[in-house]
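Remember, it's 1-based here, ligands and their atoms both numbered in the order they're listed.
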Amino acid sequence: MKYERQRQEMVRNQIEARGIKAPAVLAAFRSVPRHLFVSEALRDQAYGDYPLPIGEQQTISQPYIVAEMTQALDLAEDDRILEIGTGSGYQAAILAQIVYRVYTVERKRSLFLQARNLFDKLYYHNIVMKYADGTKGWQDESPFDGIIVTAGAPQIPDVLIDQLAEDGRLVVPVGNQHTQELIKISRDGQQIRQTRLGGCRFVKLVGEHGWKEA
Ligand code: SAH
């Protein structure tokens, strides 16, 4: 099948070639049908080396950046992971292939509903969704082994650090509205370590602890 072949090529040429090595991460990218997470008109471009529009002026990230953020979370099989910014649902589906349970929050109703339909159709029973402002995290389900923010934040939201497990990891793009840097926070008890993973470009994280609505 055409998309199957394109997907294996994407993993080889964009993800493995740039140094992603975690076997579970590579296996997830080999199996999740990315073309189903974009509109029909864009299916043939789904495995290209770029982001694509998903409606509501939002985007599904470039495959490599999804892989880089996924690997940075240092996932274990029994992890519970929180994602802020469901969007197309692709990143959540990749995580759901690897970990025990994924919690994902989206603030745009149409994207939330679309992703919910797709998760049902593809039988992702370990993804739990919420239609809400994700900058507040998900207090009731915390602490999380990992938190991934897939929209650009003006600063690291402290509330999210508070919802990390004792050895939790947070990956978040931080910067201005045009360009950000990918930051990884690793918690070790009361100790917080910060690593910079390089430049990136995301749509705005909008909410109480993010950018204010225009
Ligand atoms: N992870 C997504 C990327 C989507 S783009 C994917 O794989 O396709 C970022 C998404 O974050 C958008 O859908 C946007 O609506 C959402 N978003 C922005 N601010 C948010 C907030 N405060 N809470 C929840 N979602 C938010």
Nearest-contact summary for [atom] - protein heavy atom, Å:
atom: atom 7 (O) of ligand 1; value: Q91 N, 3.1 Å
atom: atom 22 (N) of ligand 1; value: V206 O, 2.7 Å
atom: atom 9 (C) of ligand 1; value: T150 O, 3.3 Å
atom: atom 13 (O) of ligand 1; value: E106 OE1, 2.7 Å
atom: atom 8 (O) of ligand 1; value: S88 OG, 2.6 Å
atom: atom 23 (N) of ligand 1; value: G134 N, 2.7 Å

Worksheet entry | Candidate with minimal heavy-atom separation from atom 4 (C) of ligand 1, of I60, I65, T59 |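 Selected option, by shortest heavy-atom distance: T59.
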
Worksheet item: When you measure from atom 24 (C) of ligand 1 to each heavy atom in Q57, R107, Q58, which option holds the nearest one?
Response: R107

Practice prompt. Any atoms of ligand 1 less than 4.0 Å from a non-hydrogen atom of K204? List them with their elements.
Written response: 18 (C), 19 (N)

Discussion item. Could you tell me, atom by atom, which parts of ligand 1 come under 4.0 Å of a heavy atom of K108?
Written reply: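 Counting atoms of ligand 1 from 1, those under 4.0 Å from K108 are 15 (O).
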
Worksheet item: Does the cation-pi check pass for R80 over Y100, that is, NZ or CZ under 6.0 Å from the six-membered ring centre and within 45° of its axis?
Response: no

Worksheet entry | T104 heavy atom under 4.0 Å from ligand 1 | no

Worksheet item: Less than 3.5 Å between some nitrogen or oxygen of G85 and one of ligand 1, yes or no?
Response: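 Yes - when backbone and side-chain N and O of G85 are compared with those of ligand 1, one distance drops under 3.5 Å.
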
